[in-house]
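Below you'll find the structure, written out as structure tokens, and then a few comments.
Whatever order the structure lists ligands and atoms in, that order sets their numbers, starting from 1. Heavy atoms only: backbone and side chains are in, while hydrogens, waters and symmetry mates are out. Just so we're clear, the structure is a prediction, and the values are computed from it rather than from any experiment.
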Amino acid sequence: MSEASRESLSRIDEEFSTQNSEAALRLSKIDWDFKVRIVTNEIENVHPYPAKFISDLPAAFLDSLPLKRDSIILDPFCGSGTTVAEAQRRGYSSLGVDLNPIACLMARVKTSAVPENISDSISNVCKMMDKTADIAIPPIPNLGHWFKRPIQVALARLTAAVDAMPEGHQDFLRLAASSIIVRVSNQESDTRYAAIEKPVNASDVQSHFRRSCERLASALAVRTYELLPATIIQSDLLEVDLDAFSGRIGAIITSPPYPNAYEYWLYHKYRMWWLGHDPIAVKEKEIGARAHFFKKNRHTSQTFVDQMSRAFEKFQSLLMPGGWVCFVVGRSIIHGETIDNGAIVQEAGERTGLKLVYRGERNVLSSRKSFNLSHANIKKEKVIVMRKVSS
Ligand SMILES: C[S@@+](CC[C@H](N)C(=O)[O-])C[C@H]1O[C@@H](n2cnc3c(N)ncnc32)[C@H](O)[C@@H]1O
């Protein structure tokens with residue numbers, strides 16, 4: 001290597017190390033608990049999702065790190081799409097990957113415009129529901145326990161009508177339909193899995209659907225920023241081919257599934273059945289699903305170590321030089337043993353050559369723990385920021 005190129009490399013290294021110290025200082029000044037939320041965006045509440053980010057979290061990373069304007073922001077476990085929506089709000093293109101079809105539906109709708117003439121399709125769905133006489137009820141396991149017969153018929157009519165609408169309207173209508181499924185079921189609430197007697201009848205399906213469409217349209221319509229492209233890929237992260245994004249990712253901002261804590265497939269099981277997806281296939285590939293820890297050849301904490309190693313190998317080739325990786329992760333309890341998922345993530349990153357820039361901790365406020373089931377009971381999360389080296 002010539003003297004000139006050695007000098008230029010050492011200049012870049014110096015610049016990177018200054019940027020790292022400045023970023024670490026900015027990150028250390030953030031109150032990661034976000035006790036007082038300044039703004040709650042309407043699109044955050046269009047549909048429930050377990051263990052989702054409050055938007056302040058990805059916003060804090062996006063606002064504190066020196067990101068290149070043309071970089072793409074990736075959330076490899078994008079869930080309901082909080083990171084991609086916050087990236088879009090700040091003028092970045094983004095990429096989200098998630099295994100769960102309801103997550104991807106949410107992320108797509110939250111980053112899209114209100115479809116033109118959607119009100120025509122909403123009226124047409126309701127008209128079609130009124131006209132459909134005979135309808136086959138889909139063969140969904142244990143349906144009678146969770147849905148009264150007249151509700152089953154109304155939901156079958158609703159989903160068939162939605163499927164008959166123009167393709168560009170279907171995501172919007174399907175998300176509105178998905179958001180009412182627990183409300184019209186016998187399930188006590190989104191977080192309580194008991195079947196109870198509820199005062200719902202078949203006509204409520206249509207009225208709740210209409211209201212849900214109105215709420216969704218108004219939450220999407222208040223966005224005034226340009227809707228830069230957000231690509232959402234429904235896939236197992238460990239198997240997906242992301243070569244088209246090689247070297248183009250400026251920051252990865254994510255929260256992975258915590259082993260043996262939440263069950264995203266179970267939470268959305270009936271939504272998936274009604275919308276024509278197979279929740280059992282999702283369960284098989286879901287990282288950390290509790291079911292994997294109670295079977296023959298059961299998963300252990302080493303399984304999560306291996307999964308994170310595979311994920312970070314992918315990240316390394318996707319990141320541009322100097323790209324950032326931001327993780328928020330809580331601990332797990334597996335067969336009585338407490339597992340430090342933060343350390344697992346950090347070590348997986350360091351094994352692929354990433355440099356630790358910042359490590360902090362946040363308290364998960366009890367008022368925001370509506371999805372924190374007793375076996376999860378996560379009170380603290382680690383905030384970890386790493387960086388790909390300059391060359
Ligand atoms: C903590 S949640 C992410 C929530 C997200 N930050 C939000 O704001 O909604 C973790 C996500 O990982 C997803 N997931 C689990 N296994 C996966 C896999 N093998 N590939 C891709 N995503 C997976 C789950 O479906 C879930 O949405």
Side-chain angles (χ1 to χ4, degrees), residues 34 40-41 43-62 73-89 94-111 175 230 232-242 252-269 271-272 277 279 281-292 299 303-304 306-312 314-315 326-332 341-342 345 362 364 368-373 376 378 381-383:
F34 300 107
T40 325
N41 303 305
I43 51 166
E44 285 180 56
N45 300 321
V46 292
H47 189 292
Y49 201 81
K52 70 176 181 206
F53 272 157
I54 49 167
S55 58
D56 310 58
L57 266 170
F61 295 122
L62 290 164
I73 309 302
L74 163 66
D75 187 340
F77 303 106
C78 73
S80 62
T82 320
T83 298
V84 284
E86 287 310 303
Q88 191 181 52
R89 189 187 302 283
S94 57
L95 168 64
V97 178
D98 204 285
L99 178 69
N100 193 301
I102 304 297
C104 293
L105 179 63
M106 290 181 72
R108 282 198 304 274
V109 173
K110 281 164 70 173
T111 50
L175 188 63
I232 308 298
I233 302 178
Q234 185 188 321
S235 171
D236 178 354
L237 174 75
L238 304 179
E239 289 172 3
V240 67
D241 178 353
L242 297 176
I252 294 172
I253 299 176
T254 198
S255 176
Y258 313 164
N260 200 28
Y262 306 104
E263 301 231 66
Y264 303 92
W265 74 274
L266 185 62
Y267 183 80
H268 289 312
K269 185 160 83 168
R271 293 191 175 101
M272 284 193 255
H277 303 287
V282 174
K283 170 173 97 173
E284 289 312 313
K285 303 266 179 187
E286 186 173 298
I287 294 176
R290 276 168 66 71
H292 302 319
H299 288 189
T303 319
F304 189 59
D306 298 341
Q307 288 162 331
M308 287 301 109
S309 293
R310 286 171 65 192
F312 273 88
K314 247 192 173 86
F315 299 163
C326 312
F327 263 68
V328 177
V329 59
R331 60 101 182 97
S332 288
N341 295 323
V345 162
R362 65 185 298 269
V364 181
R368 304 218 187 99
K369 282 198 281 188
S370 52
F371 295 111
N372 218 336
L373 307 176
I378 289 156
E381 286 172 324
K382 295 275 161 51
V383 178

Tell me: protein heavy atom nearest [atom], and distance?
atom                    : answer
atom 15 (C) of ligand 1 : Pro257 CG, 3.5 Å
atom 9 (O) of ligand 1  : Ser80 OG, 2.6 Å
atom 2 (S) of ligand 1  : Tyr264 OH, 3.3 Å
atom 27 (O) of ligand 1 : Tyr49 OH, 2.6 Å
atom 8 (O) of ligand 1  : Thr82 OG1, 2.6 Å
atom 16 (N) of ligand 1 : Ile287 N, 2.9 Å

### Query
Are the charged groups of Lys283 and Glu286 less than 4.0 angstrom apart, N to O?
no
### Query
Any idea which part of Lys52 is under 4.0 Å from ligand 1, heavy-atom wise: side chain, backbone, both or neither?
both
### Query
Applying a 4.0 Å heavy-atom criterion (strictly less than), which segment of Pro256 is in contact with ligand 1: side chain, backbone, both, or neither?
backbone
### Message
What verdict does the side chain to side chain donor-acceptor pair (under 3.5 Å) test give for Asn260 and Arg290, after you've listed the backbone C-alpha separation in whole Å, the side-chain angles of each residue and the deciding distance to 0.1 Å?
### Response
CA-CA 4 Å; Asn260 200 28; Arg290 276 168 66 71; 3.2 Å; yes
Does [X] come within less than 4.0 Å of ligand 1, judged by its heavy atoms?
X      : result
Ser235 : yes
Asp236 : yes
Cys78  : yes

Atom indices of ligand 1, in the order listed, that fall short of 4.0 Å to a heavy atom of [X]:
X      : result
Asn100 : 25 (O)
Lys285 : 19 (N)
Leu237 : 18 (C), 20 (N), 21 (C)
Ser255 : 1 (C), 2 (S), 3 (C), 10 (C)

### Pair Phe327 and Phe312, ring centroids less than 6.0 Å apart
yes
### Centroid-centroid under 6.0 Å between Tyr49 and His268 rings
yes
Could you name the option among [options] that has the heavy atom nearest to [atom]?
atom                    : options                     : value
atom 4 (C) of ligand 1  : Ser55, Ala51, Gly288        : Ala51
atom 25 (O) of ligand 1 : Leu99, Val282, Asp75, Asp98 : Asp98
atom 14 (N) of ligand 1 : Trp265, Phe53, Phe77        : Phe77

### Query
Is the shortest N/O to N/O distance between Glu286 and ligand 1 below 3.5 Å?
no
### Query
Should Thr111 and Gln88 be marked as a side chain to side chain donor-acceptor pair (under 3.5 Å) after you check the CA-CA gap, both sets of side-chain angles, and the distance that decides it?
CA-CA 7 Å; Thr111 50; Gln88 191 181 52; 4.9 Å; no
